[in-house]
Amino acid sequence: MIESVNTTPPELEASLWRIYRDFFDLAEKKRRWRIREDIPWHECNPKLNPAIADVVETFCCVELYLPDYISKILPLVRQSKGRAWFYANWGYEESKHSLVLGDWLLRSGSRTEEYMADLEGKVFAREWNLPHDTPLGMLAYAMVQEHATFINYRNLRNRVVELGRDPALETILGFVSIDERAHFGLFRELFELFLKLDRDLALAALRPVLNQFQMPAIHDLLDENQRRIAQVRDLELFNEEIFFRDIYSFFLNTLDISRSEMRGPRVKKSIAT
Ligand SMILES: [Fe+2]
Ligand SMILES: [Fe+2]
């Protein structure tokens, strides 16, 4: 069973480790950015359309579930050095996302310190749980999730440009979306290894992820989730059409999977007598 980390073949584990080291070395060389120094904070636009700040707040909340994201995945992958080290580094990068979005909400004057403290209290009062219980299921989930997150941030950046510009927020969303795309790239490389090794098992892990996709936390954990989902739709950051084109079809093309494979093995009709 390749889905159990305890029995991951040594050659597969060596490949996972190599993929992680390349990812890490490249991140150190090309992708590090600093919240204090690399954002033009003096260029926050206080007149920006407030709908943008509402969505920045929602995305910040999703990023704030970091303690659950890390603490629940690490026990599942702790015997796979490549995956465990990756998640440690991933946690560092994700921690910057809620920090920088929270800083923008304050520095732009969109939110107060009191409001943010109250918001964090509400987030931490609820707990996010793993949506899949095997390492392979979580790998498929993370791959799709990271790509969807990239799409959301990229689209939000485009909307900021269209709705009045904010060089500070545009820079932030640029850095964050590049991080999300890099996370997706790493997960995709890992998932492709499993796809080569056991296509049926990998497809079985991917099917429920693509067929029942939801953005984490927004749908089930955040206060006023219906309003938040509507705001994401209103700005055309994410909706059914975007999902079908940029997520569902994208993954089938990228991973070279046919639609019939994604529908699953045919269930033989039993002939009732
Ligand atoms: Fe993130
Ligand atoms: Fe990410």
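Atoms within each ligand, like the ligands themselves, are counted from 1 in listed order. Start at 1 with the first residue, then count along the sequence.
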Over 12 foreign heavy atoms within 6.0 Å of CD, E43: yes

Could you point out which residue of W90, F23, F250 forms a ring pair (Phe, Tyr, Trp, His ring centres under 6.0 Å) with F184? F250

Is the count of non-hydrogen atoms from other residues, nucleotides or ligands lying under 6.0 Å from E113 atom CD greater than 12? no

The Fe ion (ligand 1) - closest N/O/S atom in E63: OE2

Please determine if the Fe ion (ligand 2) has an N/O/S atom from H183 lying under 2.8 Å away. yes

Atom of E146 nearest the Fe ion (ligand 2) (restricted to N/O/S, atom name only): OE1

State the CZ-CZ distance between R31 and F24, to the nearest 0.5 angstrom. 10.5 Å

In E180, what N, O or S atom is nearest to the Fe ion (ligand 2), if we give its atom name? OE1

Assess E94: does it contribute an N, O or S atom lying under 2.8 Å from the Fe ion (ligand 2)? yes

The Fe ion (ligand 1) -> H97, closest N, O or S atom is ND1

Look at atom CG of N129 and say whether more than 12 heavy atoms of other residues, nucleotides or ligands are closer to it than 6.0 Å. yes

What do you reckon, is CD of E162 surrounded by more than 12 foreign heavy atoms closer than 6.0 Å? yes

Quick check: does D179 put an N/O/S atom under 2.8 Å from the Fe ion (ligand 1)? no

